[in-house]
Structure formats: C-alpha cells, structure tokens
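Here is the structure we will look at, set down as structure tokens.
Side chains included, hydrogens not; waters and symmetry mates left out as well; all remaining heavy atoms used.
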Amino acid sequence: MTQNSPLLVLPPSLSRTVAALPDKDRNRLDDTITRLHTVNGRLWDTEDRVRGALLSAAQVADCKREIDQLNAERNLLAERADEVLGSLADAGRADAPLHTETLASVVDRLSVLTLRIWHSERAAARDELARRRIPALHGQREELCAALDALVSDIVAGRRRLPVPARFKLYGRDGAAPAEIKPSRRLRRVLAFGGLSECGKSTSAEFVQRTCGAQRFKIGFLLRQAAHREGLADPYALSPRRQAELLLGELNRFADAHIDTELFTIESVHDDASIAELKRLMGDALQIVYLDASFALRVERSGTPAQAVAAKDEIKMSRGAHQVAALADHVIDNTGSIAALRARLRRIAAPPASTALRAATPYGLGLPAAVASATADFTDAVRAYGPDVRLAALTGSPGEGSWIAGWSDLDLLVIAEHEAIGRVHEALEQYRTALGGAASLGPTLVTPGELTARRLTPRLAFVLHQLQQGSPVLHAAPSLELPTISRGELAFAAVRELPQVILTMRRLRADAGPTALRQLYKHLVLACRLLLREHNQWDSGPDRILAAASRMPGLTALATPSLAEISSAWRGGEAELVLKPVTVAVDQLLTWYAAQLAA
C-alpha cells in the first residue's frame, strides 16, 4: 500500500501463531498477506474510478478488465496464504466440524473491512452517512477479529477443520475480447532468444547488444516490472496472453522513452504459449531465435555435471522451452564455430536489403581513355561470370569526380562468391596489364557472406555507405543485397580506424622525404575525414575536408596547398616544393590530437 493507505493489522492470537511458524513460512505468509491487502486496495481504487467519472466505453472496458485481473490475483494470493495457514490445523482430527471458509478468506474479509473503514473516515468530513457508519464498521472489525482469533484457536486445537482452499476461479477466461494492445511505432524490432540450458542464449544476446547496439532485457525482469507497475503478485500465474501483453507493454514503454533504440533483445524464452501470444501481437517485428545444441556439447560448455544440466532442462521443458523451436523464425544449430554463430546472428539482427545502385560506364567517370578502356574490359569480363560476381565498382576519387592521373589510385571493390575469386584474379591480372603504367590498381575482394555477416573494415563500411548514397558502380547483380550502413555506424567505425591512421602518419612523418609526400598527404586527409565523422561532418574531397578540419575546436588552420597544386608538383617531380607545408600540417594535427587525449 502507499504511505496514505491503511495497514492491515492481524488479531493477536493469529499474530502469535504466525510468529511461531518457521522463518521461511512466516516470511512467505507475511509477504503474501501484504500483497493481498495491496491488491484489495487497487481493486477499491479501480472500482471507484469506473463509478466516479464519465468514461468512454473503451475506458470502462479497460477498468473492467483490470478488475478481473486484480480479482484473479486476489484469489491466487488467498490460495497461497492458505497453503501456509492450513499447516496450523491439527491433521489428526478428521472428524472435527468443518468451518465454512478458509483462514485466508477471513483475512481477506478483514482486509476489505479495513479499507472500508479507512475510506469512510476520509469521506466523513463531507458525507454524513459515512460518518454515522464509522462506529458500526469498527464494531464489525472487532467482531471479525475476535471470531478469527477464536477460529485459529479451534483450528490449532483440532476442534475445527478447514475446507480445501482451491478456489478454481475463472477470471479473465470467459472468452471476452478486450481491447488489444499494439506495438508502439517506435518498437521497431525485437529478437527473442530461446533454447535449453547452456545453448548460447545469453552469449548470443550479449553479442547482438555489443555489435548492433541492441537494448538487452531479461523476460523475467520485464514481467516483474510490469507486475510491480500494475500491483500484480505473480505474473507467471497469469494466462499466456496476459503475460504477452505485459511484456509488450514494458517494451512499448521503453521504446517510447528511448526513440533512438532500433533493436531490442529478450531472453530467455522458456514458455512456448506466451511467446506465441507475443508473436501474434507483434507479427514480424518480433523474431524468435531458437538455439540448438546436443546435450553432450551443452554439458561440455557448461563445465558442470550432466545431472545439473539435465535438471535445468527438465524445468525448462516443463514450461514448453523445447517447443519454442516449432514457433521460431530462425533455428540456429549452435554446434559449429563462433564465427558461424556470429555471422548468422548479424544477418538476423541487421538483415541485408536489396539496394538500388547507380550504374555508370567507365567513360562516364572522367577517366582517361586508356584507363576507361581497360576498366570497361574488366567490367565485361566479370559480368560474364554471371551471378558469382555480384558487384564491381571503382571507389573513392572516381566516384567523387576527383580522380587525377599520376596521383590517384584506382581503388576497386569486387563482391564475388569465394568459388569465383580465382577467375577474378585472372581478370585483375589482365586489367593491370591493360593499364600499363597509367594507374596503380588497388583491389578489394570480398564475399557476399562477409558483407551480410558484417565482417567489415571501417573503410569497407564507408565504401558501402557511399554506394548506397549514390556513388556509381560498374556492375551490380539484380538480386544484390547489402547491409545498410548508417552514419552512426560510420562514426563508431571512425573511432576504431583513427588510431591506426595516426600511428601510420607518425611513421611516415619520421621519414618525411619527398617520396613520402603522397602517402603523408593522403593519411593527413584520411585522419581529418575520420575526425570530422566523429563531429557528424561529412565533407568530401581533400580540399573541403582539410578546410572543414581547420575549424575544429583548438586546431590551428591547416595551411596546405590545394590538391591540384600538390598532385601537380608530385607528377612533375617537384615534391619538395610542397612537402614543407604538408609536414607542418601533419605536425599541427598530431600535436592537437595528442593534446585532446592527454590525461
């Protein structure tokens, strides 16, 4: 009860008898009776609410539904109280007269009477009838307490016996169709992990949390939160439908309060009936993932005796945990490698999607004729391999329209099945031969499985993002699916990539002769690009990137020559003319970076 609600005081004989019980039974009974009194208080408030205001039909139905649920909780708690109170009876007196009700039923009436007195006393100042009732109500309470004390004495002495406490109530099971709870529009995607003991549920949920930014919940926690919020004693005693509604309500509440959360995980699914109801409520927004592994392997992984794993399995199976497999959207055989498990989890947590890409011919990328011709021949070669080669694209400066002959590399991305990599190598050799010395080729070969499992380097993630933002491709299969890369992911990727870029830049600066100019400048631009991503700035092109980086807090403006000037000096064999300002800019950035991370 709240601090303004009445306490339930038991009569002295019952209190003394309860105090003599073993600690475990006494604590259980105290908790159960306290909860019973709390539920009765909530019932009173809900009944007052439905009677005391002009409510819509839907609101009345909601209140009636809450009343039914609270009544169900009330009867459940009374049964639990009787399990302890019944032990007070002398089991040897089967011929003793039968009392008409159980001890918990009398305690329940005492709880309701206590509430009636309290509400009447509050209403007495404005209600004469309520004021006149108060003495009679106190008299009723005294009589009830005396009768309960006498009954306890008779029960303990064997002069009376109690009826069977089971109530067999059917609250909430009359087939009525209450207003259905629906998923919040902000509750976008939920993964529910099920399986028997030691199958990898928690490990999988933790991996999805760490790599996909999911919000991770235990089902038991959500149910207890919901039960506490609604004043329910035991959520596991509720119907599967009601449990599912409570779960969805808590998920909705969190999603509405944390609108940037895209993914949730819940574990562990041990009840096939309630998860089936949750699936009906959520549809495809809920993906049930069942992890399977042999008993022997699960015992080995657990490091505990087989009997302990079997005992936990038996409990879970009694609740229908093994039957969740038949309901699952994804059944994972978790007997293989960690790499295989994680690849499958990434595809489930962040499924790839068909991507509309912009195709362009090599001649439309502003490449010199010889380079464009060699690139066209390569594109024709890999296109002839059929669906085994999913994509070919020149990335970086060709896509940005800033490719410079004699300065820029030809960065090439090819997505191909592993079985086709050998043929791609042959095509690449022919490509290099056709290019001659016109350009330096830098190929990146990746399989579709690596992409959909999101085994991506930060640079590859950025390339995919650029393609999805409209950078052109040379060839793309019609059925191509790519992982969607968000700017938020790239910002985190920048944090991971930047340390290596800084270390490489320091190494290049230590030997900053004219031959190092090109690499030093490119790493300067890359470091600035990554720093800008952390500041949610997405400039492209070296000149714009360096100009934007110069405006970062505390960084002195980087006075480097333009890309056109630097590349011209490089191609003309006069790198030393622009080396000094580049090294000065590198020193400025390294000094600034060190200061940002100083203790």
Tell me whether the rings of F378 and Y431 are parallel (<30°), tilted (30 to 60°) or perpendicular (>60°).
parallel
Is it true that a side-chain atom of R509 and a backbone atom of D587 form a donor plus acceptor pair closer than 3.5 Å?
no
Do R571 side-chain atoms and S567 backbone N/O form a donor-acceptor pair below 3.5 Å?
yes
Once you round to the nearest 0.5 Å, how far does SG of C528 lie from CG of L498?
9.5 Å
I'd like to check I266 versus L278 (side-chain heavy atoms, cut-off strictly below 4.5 Å). Are they in contact?
yes
For side chain to side chain donor-acceptor pair (under 3.5 Å), just list the numbers for S562 and E565, CA-CA rounded to whole Å, side-chain angles, deciding distance to a tenth of an Å, and then say yes or no.
CA-CA 5 Å; S562 69; E565 293 172 306; 3.2 Å; yes
Is the CZ atom of R347 crowded by more than 12 outside heavy atoms at less than 6.0 Å?
yes
Counting N and O atoms only, with roles assigned by atom type, does the side chain of N252 sit under 3.5 Å from a partner on the main chain of K182, one being a donor and the other an acceptor?
yes
Is it the case that the side chain of K201 and the backbone of L196 share a donor-acceptor pair, with hydrogens and angles ignored and the cut-off at 3.5 Å?
yes
Locate the shortest heavy-atom distance separating P499 from R496; write the atom from each residue and the value.
CD-O, 3.4 Å
Of the non-hydrogen atoms in P352 and E481, which two are nearest, and what is the gap between them?
CG-OE1, 3.8 Å
May I ask you to test the L532-W538 pair for a side-chain heavy-atom distance under 4.5 Å?
no
To the closest 0.5 Å, what do you measure between CG (L467) and OG1 (T395)?
7.5 Å
Shortest non-hydrogen contact from A306 toward F295
O-CZ, 3.6 Å
Heavy-atom distance under 4.5 Å between the side chains of V525 and P542, does that happen here?
yes
Q209 side chain to T265 side chain, donor-acceptor N/O pair below 3.5 angstrom
no
L263 and V208: side-chain contact (heavy atoms from CB on, under 4.5 Å), yes or no, with the steps?
CA-CA 9 Å; L263 180 65; V208 172; 3.7 Å; yes
Do you know which two heavy atoms are closest between S302 and V309, and how far apart they sit?
OG-CG2, 3.5 Å
Distance col, row L428:CG vs L412:CG, nearest 0.5 angstrom, shows 6.5 Å
Is the shortest distance from a Lys or Arg side-chain nitrogen in R319 or D272 to a carboxylate oxygen in the other one below 4.0 Å?
no
Would you mind reporting whether R346 and T211 have side-chain heavy atoms less than 4.5 Å apart?
yes
State whether a side-chain donor-acceptor pair under 3.5 Å links H330 with Q287.
yes
Worked verdict on L555 versus L531 for side-chain contact (heavy atoms from CB on, under 4.5 Å)
CA-CA 12 Å; L555 179 60; L531 286 165; over 6 Å; no
Nearest 0.5 angstrom please: S408 OG to L563 CG, how far?
7.0 Å
So W570 and V578, side-chain contact (heavy atoms from CB on, under 4.5 Å) or not? Walk me through it.
CA-CA 9 Å; W570 171 263; V578 293; over 6 Å; no
Heavy-atom count check: over 12 atoms from other residues, nucleotides or ligands less than 6.0 Å from R185 CZ?
no
For residues L460 and E450, determine if any side-chain heavy atom of one lies less than 4.5 Å from a side-chain heavy atom of the other.
no
In terms of heavy-atom contacts, A349 and R189 come closest through O-NE, 3.5 Å
Kindly say whether K580 contributes a backbone atom to a donor-acceptor pair with the side chain of T583 at under 3.5 angstrom?
yes
Verdict with supporting geometry, V289 and I348, side-chain contact (heavy atoms from CB on, under 4.5 Å):
CA-CA 9 Å; V289 182; I348 294 170; 4.1 Å; yes
So which heavy atom on P514 is nearest to which on L579, and how close?
N-CD2, 3.7 Å
Are the side chains of M552 and W592 in touch, meaning some heavy atoms are under 4.5 Å apart?
yes
Output yes when a side-chain donor or acceptor of S184 lies under 3.5 Å from a complementary backbone atom of R186, and no otherwise.
yes
Backbone N or O of C199 within a donor-acceptor pair of the N334 side chain at under 3.5 Å?
yes
Strictly distance-based, threshold 3.5 Å: is any side-chain N or O of E497 a donor or acceptor partner for the main-chain N or O of A494?
no
Only one of I288, L291, V269, T203 passes side-chain contact (heavy atoms from CB on, under 4.5 Å) with F193, and that residue is L291
Closer than 3.5 angstrom, by distance alone: can the side chain of R518 be matched with the main-chain N or O of W407 as a donor-acceptor pair?
yes
Between CG on residue L357 and CG on residue L391, distance to nearest 0.5 Å:
6.5 Å
Side-chain heavy-atom pair Q323, I275 within 4.5 angstrom cut-off:
no
Does F492, at its CZ atom, have more than 12 non-hydrogen atoms belonging to other residues, nucleotides or ligands within less than 6.0 Å?
no
Strictly below 4.0 Å, N to O, side chains only: are K279 and D329 in salt-bridge contact?
yes
Go through the side-chain N and O atoms of Q500 and T504 and say whether any donor and acceptor fall under 3.5 Å apart.
yes
Can you find a pair of side-chain heavy atoms, one from P561 and one from P581, that are under 4.5 Å apart?
yes
Nearest-0.5 Å distance that lies between atom CZ in R551 and atom CG in L546
11.0 Å
D388 side chain vs A416 backbone, donor-acceptor pair below 3.5 Å:
no
salt_bridge(R188, E262) N-O dist < 4.0 Å:
yes
Is the shortest distance from a Lys or Arg side-chain nitrogen in R423 or E417 to a carboxylate oxygen in the other one below 4.0 Å?
no
Could you check K312, K316, R301 and say which one makes a salt bridge (charged side-chain N to carboxylate O under 4.0 Å, His left out) with E198?
K312
